[in-house]
Amino acid sequence: MKNSNKSISKLKNPTAKTRTAIQLLDYLNTAYPKLHTAFEDAFWLSYMGDHSVDNKMNEAQKKRDAFRANVELRKEVQSCLKQSKGKLKSRLKTWDHFFSLYQTPPEAFKIKDDVNALEARVMKVRTTRKEGYLDPKTGKFIEASENKMHVMMRTNPDEAVRKACFDALEKLPLDTLDDYIEIVKLRNEFSRILGFSDFYAYKARIDEDMEKSEIFDIFDRIYEKTKYVFLNVRDLEKRFAKEGKVGLRKPWNFSYMLTGNFTKEEDPYFQFEEVLSYWGRSFAALGIDYQKGTLKVDLLDRKGKYNNGFCHYPILVSYINGKKIPGSSGFSSNAIPGQVGAGVNGIRTVFHEAGHAADRLNSTQEDVCINHEYPPDTVSWAETHSMFMDTISSSIEWRTRYAHDDKGNRYPFDIFERKMKKVFPLRPLGMMHVSFVVQFEKEIYEHKNLSREVVLGIARKMFKKYSDKSDDSISILNTPHIYSWESSAYYHGYGMADLTVSQWREYFFKKYGYIVDNPKVGKEMTKIWSYASLYPAKKLIKMATGKPLSADAFIRSVTAPLEKILENAKKKIERLKKVPMHTGPIDLGAKIFMVHGKKKIADNSKSFEDMDKKYRKWLKGQVKR
């Protein structure tokens, strides 16, 4: 194909009627990235808080969507398919499948435009509104972002303050509830025009290549296998009460009473100023390389910014005359410097989003339509790579090797051991939260007559079922994913990725004995990343782990006895002592720009270490005393 690609540069803009297969591929791989980049550039600005570009973003999205749904282009691809063979035919099949996912009748386009406009309006409200809580002692309004209030509920020792944050968070979704209901109705209307029963059924097929029933069968089975966790919570509640600690199952108490003291005890070992060093050295030790790509990284919480970490790819990996053109990625987190507990969450988010970036920038595929995070990529497969990387930073062997306080003391195993003894019976709760969002959206999209009362009722019912708290909550309506077309009916991907990550980690441990700082693990992941979305996710999972996806490894992980967990943790720490630390210069093979909104803070043009030093200095000035 390289020889064929070289001839592309000699072509003189043939018309659609005269294009050969090679000329058509050249056109598709040139035209589509331009539309993609125009949308993604505006998307980044909007999500970073500049809503003056929202109309531009919506127009760019319309043009991109029109290209994806172009009937004539698909017919041209199919025509060329009949005359092609070998690799050329395979590439055309890739594009035919891509177009098949986005074919949209004209009447549905108007609905999608209306949804886009409503989503932009909701986003503007959610990122510009005044957020905070009422001080329980003075009644004074205290400004605090949604993210900060969530952190305070996990870490503030004053129950009255935690309850004030909870009450404030419960009110936030009410301002956009009517718009959300209209969005759901329009998404369902769009999906029915395309022949689906509802939006979730549409997204299941397009995003996962699965029937909706297949997805919910998986989560129903996991729920039945792990719902014993609620009995464990009730037992723990009784034990706490005997110790004079009442109110464990209050939504504003649960996280604090379980891990609040541990969060404070751990906090010195997870100062956010170490984030670049941790990311750089850990990924370099794995041998992860961003293949000369460009990274734009915005890590701090601020008013107007989208309140959840994300990663996107404004410039897709592509090929011209057989030569790879590196891609770019932008990723963000919402860290709050100086806030107890914010460091560990911020570091985990950076590992997560940096894993996303590594995935697509390592593609070696010629056709851009499989080099981004949109279908034919699946949600669960995309999240597998990011979640695999954040399990590294949360593993005990990584923590005892990397995490340290300002005196150089390493994270103590004693904290881990005491924490596990307290919370290990509750390990399935993480998947319960995923199931909570998944089942909420299922019921929302299946309901025939939504109203404010119906939505709030479903929110409370699902909260009760999947958390078993003593008080009602509509917290599900603060989940940012449900307000965006791309990330709604999406959350199942995290749960299915959790299954894949468990299976992949089990595979690596059996094969190599360790994962952290293992370049052989990085090499295998890089090989898998090179395929991008060339193959269906089910095939890629089997290629990566050696077996079809199942929940077996996950179930083994979350139901393991405490003695086994602690024994394995000690073995992992001992095994890693035999592995040399990465002490040389950090080179991730990328141009990296650390930004805060539109302001550039530092870059690695001199070195990664120089960028780290400058960013640390800037971070110290952002701590609110």
Legend entry - Shortest non-hydrogen contact from R249 toward D468: NE-O, 2.9 Å

Inset, instruction - Over 60° means perpendicular and under 30° means parallel, so classify the ring planes of Y306 and Y47, tilted if in between. - result: tilted

Legend entry - Any donor-acceptor N/O pair, E170 side chain to I474 backbone, under 3.5 Å: yes

Legend entry - Ring center gap for W485 and F190 short of 6.0 angstrom: yes

Inset, instruction - Kindly say whether S197 contributes a backbone atom to a donor-acceptor pair with the side chain of R192 at under 3.5 angstrom? - result: yes

Legend entry - Exercise: do T94 and D367 side chains pair donor with acceptor under 3.5 Å: no

Inset, instruction - Indicate whether any N or O donor in one side chain lies under 3.5 Å from an N or O acceptor in the other, for S145 and D301. - result: yes

Inset, instruction - Could you tell me whether R129 and D175 make a salt bridge, using a distance below 4.0 angstrom between a side-chain N and a carboxylate O? - result: no

Inset, instruction - Determine yes or no for a side-chain-to-main-chain donor-acceptor pair under 3.5 angstrom, with R154 supplying the side chain and Y256 the backbone. - result: no

Inset, instruction - Would you indicate whether the side-chain heavy atoms of C311 and S329 approach each other to under 4.5 Å? - result: yes

Inset, instruction - Give a yes-or-no answer on whether the side chains of S282 and W398 include a donor-acceptor pair shorter than 3.5 Å. - result: yes

Legend entry - I476 vs F463 side-chain heavy atoms within contact, under 4.5 Å: no

Legend entry - Lys NZ or Arg CZ of K442 over Y200 ring: under 6.0 Å, within 45°: no

Inset, instruction - For M149 and A168, work out which heavy atoms get closest and say how close. - result: SD-CB, 3.8 Å

Legend entry - Side-chain donor/acceptor of H492 to backbone N/O of S380, under 3.5 Å: no

Legend entry - Sidechain-backbone polar pair: T479 side chain, I482 backbone, donor-acceptor under 3.5 Å: no

Inset, instruction - Show your reasoning for whether side chain to side chain contact (heavy atoms under 4.5 Å, CB included) applies to I206 and Y374. - result: CA-CA 9 Å; I206 301 302; Y374 303 113; over 6 Å; no

Inset, instruction - Start with the C-alpha gap between F98 and Y102, add the side-chain angles, then the distance that decides, and say whether ring pair (Phe, Tyr, Trp, His ring centres under 6.0 Å) holds. - result: CA-CA 7 Å; F98 171 77; Y102 294 101; 5.1 Å; yes

Inset, instruction - Please indicate whether K422 has more than 12 foreign heavy atoms, meaning atoms of other residues, nucleotides or ligands, lying under 6.0 Å from its NZ. - result: yes

Legend entry - K203 side chain reached by R187 side chain, heavy atoms, under 4.5 Å: no

Inset, instruction - Hey, could you give me the OG1/CD1 distance between T559 and I565, rounded to the nearest 0.5 Å? - result: 9.0 Å

Legend entry - Any side-chain heavy-atom pair of W529 and R360 under 4.5 Å: no

Inset, instruction - Sort and list the pairs that fulfil side-chain hydrogen bond (donor to acceptor under 3.5 Å, both in side chains) and have at least one residue in residues 108-117, not counting sequence neighbours. - result: Q61-N116, D65-K112, K110-D114, K112-N116

Legend entry - Heavy-atom closest contact (K148 atom, I336 atom, distance): CA-CD1, 3.4 Å

Legend entry - From NZ (K185) to NZ (K448), nearest 0.5 Å: 13.0 Å

Inset, instruction - Hey, can you tell me if H312 and F43 have their rings parallel, tilted or perpendicular (30° and 60° cut-offs)? - result: tilted

Inset, instruction - Find out whether F199 and S488 are in side-chain contact, i.e. whether some heavy atom of one side chain is under 4.5 Å from a heavy atom of the other. - result: yes

Legend entry - Side-chain donor/acceptor of N345 to backbone N/O of G341, under 3.5 Å: yes

Legend entry - Presence of salt bridge, K171 and D167, under 4.0 angstrom: no

Inset, instruction - State the CZ-CG distance between F240 and N253, to the nearest 0.5 angstrom. - result: 10.5 Å

Legend entry - Backbone N/O of E146 and side chain of E131: donor-acceptor pair under 3.5 Å: yes

Inset, instruction - Please confirm whether W279 and F351 have ring centers closer than 6.0 angstrom. - result: no

Legend entry - Check: E266/T263 side-chain N/O donor and acceptor closer than 3.5 Å: no

Legend entry - Atom pair CD/CZ of E353 and F310 - distance to nearest 0.5 Å: 8.5 Å

Legend entry - Mutual orientation of the aromatic rings belonging to Y490 and H481 [parallel < 30°, tilted 30-60°, perpendicular > 60°]: tilted

Inset, instruction - Taking the six-membered ring for Trp and the single ring otherwise, decide whether the centroids of H372 and H36 are under 6.0 Å apart. - result: yes

Legend entry - Ring-face cation of K419 near F424 (centre distance under 6.0 Å, axis angle within 45°): no

Legend entry - No-hydrogen, no-angle side-chain donor-acceptor test under 3.5 Å, R505 and T500: no

Inset, instruction - State, yes or no, whether a side-chain contact exists between L236 and L258 at a heavy-atom distance under 4.5 Å. - result: yes

Legend entry - Whether D179 side chain and V122 backbone form a donor-acceptor pair below 3.5 Å: no

Legend entry - Side-chain donor or acceptor of N308 paired with backbone N/O of P480 under 3.5 Å: no

What side-chain donor-acceptor pairs closer than 3.5 Å can you find for residues 425-441, not counting sequence neighbours?
{"from": "R427", "atom 1": "NH1", "to": "S557", "atom 2": "O", "distance (Å)": "2.8"}
{"from": "S435", "atom 1": "OG", "to": "M431", "atom 2": "O", "distance (Å)": "3.2"}
{"from": "Q439", "atom 1": "NE2", "to": "D220", "atom 2": "OD1", "distance (Å)": "3.4"}
{"from": "E441", "atom 1": "OE1", "to": "A489", "atom 2": "N", "distance (Å)": "2.9"}
{"from": "E441", "atom 1": "OE2", "to": "A489", "atom 2": "N", "distance (Å)": "3.1"}

Inset, instruction - Establish, for the pair R348 and F270, whether the NZ or CZ atom is under 6.0 angstrom from the six-membered ring centre and no further than 45 degrees off its axis. - result: no

Inset, instruction - For the pair F388 and M525, evaluate side chain to side chain contact (heavy atoms under 4.5 Å, CB included) and give the outcome as yes or no after the intermediate values. - result: CA-CA 10 Å; F388 187 97; M525 296 188 77; 3.5 Å; yes

Inset, instruction - Taking the six-membered ring of F254 (Phe, Tyr or Trp), confirm whether the NZ or CZ of K469 is under 6.0 Å from its centre and within 45° of its axis. - result: yes

Inset, instruction - Say whether R126 and Y483, considering side chains only, have a donor N or O and an acceptor N or O under 3.5 Å apart. - result: no

Inset, instruction - Could you grab the distance from atom CG of L316 to atom CG of N371, nearest 0.5 Å is fine? - result: 6.5 Å

Inset, instruction - Please determine if K538 and E208 form a salt bridge, counting it only when a charged side-chain N lies under 4.0 Å from a carboxylate O. - result: no

Inset, instruction - Specify whether Y494 and H352 have parallel, tilted or perpendicular ring planes, treating 30° as the upper limit for parallel and 60° as the lower limit for perpendicular. - result: tilted

Legend entry - Cationic tip of R221 above F216 ring, under 6.0 Å, 45° of axis: no

Inset, instruction - Kindly indicate whether the side chain of W252, heavy atoms from C-beta on, has any atom under 4.5 Å from the side chain of D471. - result: yes

Inset, instruction - Identify the two heavy atoms, one from H356 and one from S386, that lie closest to each other, and give their separation to 0.1 Å. - result: NE2-OG, 3.1 Å

Legend entry - Q503 side chain vs D498 backbone, donor-acceptor pair below 3.5 Å: no

Legend entry - Gap separating the CG atom of N334 from the NZ atom of K305, nearest 0.5 angstrom: 5.0 Å

Legend entry - Heavy-atom pair of closest approach, residues S363 and A532: OG-CB, 3.5 Å

Inset, instruction - Considering non-hydrogen atoms only, spot the tightest contact between D209 and R205 and give its length. - result: OD1-NH1, 2.7 Å

Legend entry - Ion pair K570/E567, N-O distance below 4.0 Å: no

Inset, instruction - Please work out which of the three classes, parallel, tilted or perpendicular, describes the rings of Y531 and Y535, given edges at 30° and 60°. - result: tilted

Legend entry - E524 and Y507: side chain donor to acceptor below 3.5 Å: yes

Inset, instruction - Find out whether L177 and L456 are in side-chain contact, i.e. whether some heavy atom of one side chain is under 4.5 Å from a heavy atom of the other. - result: yes

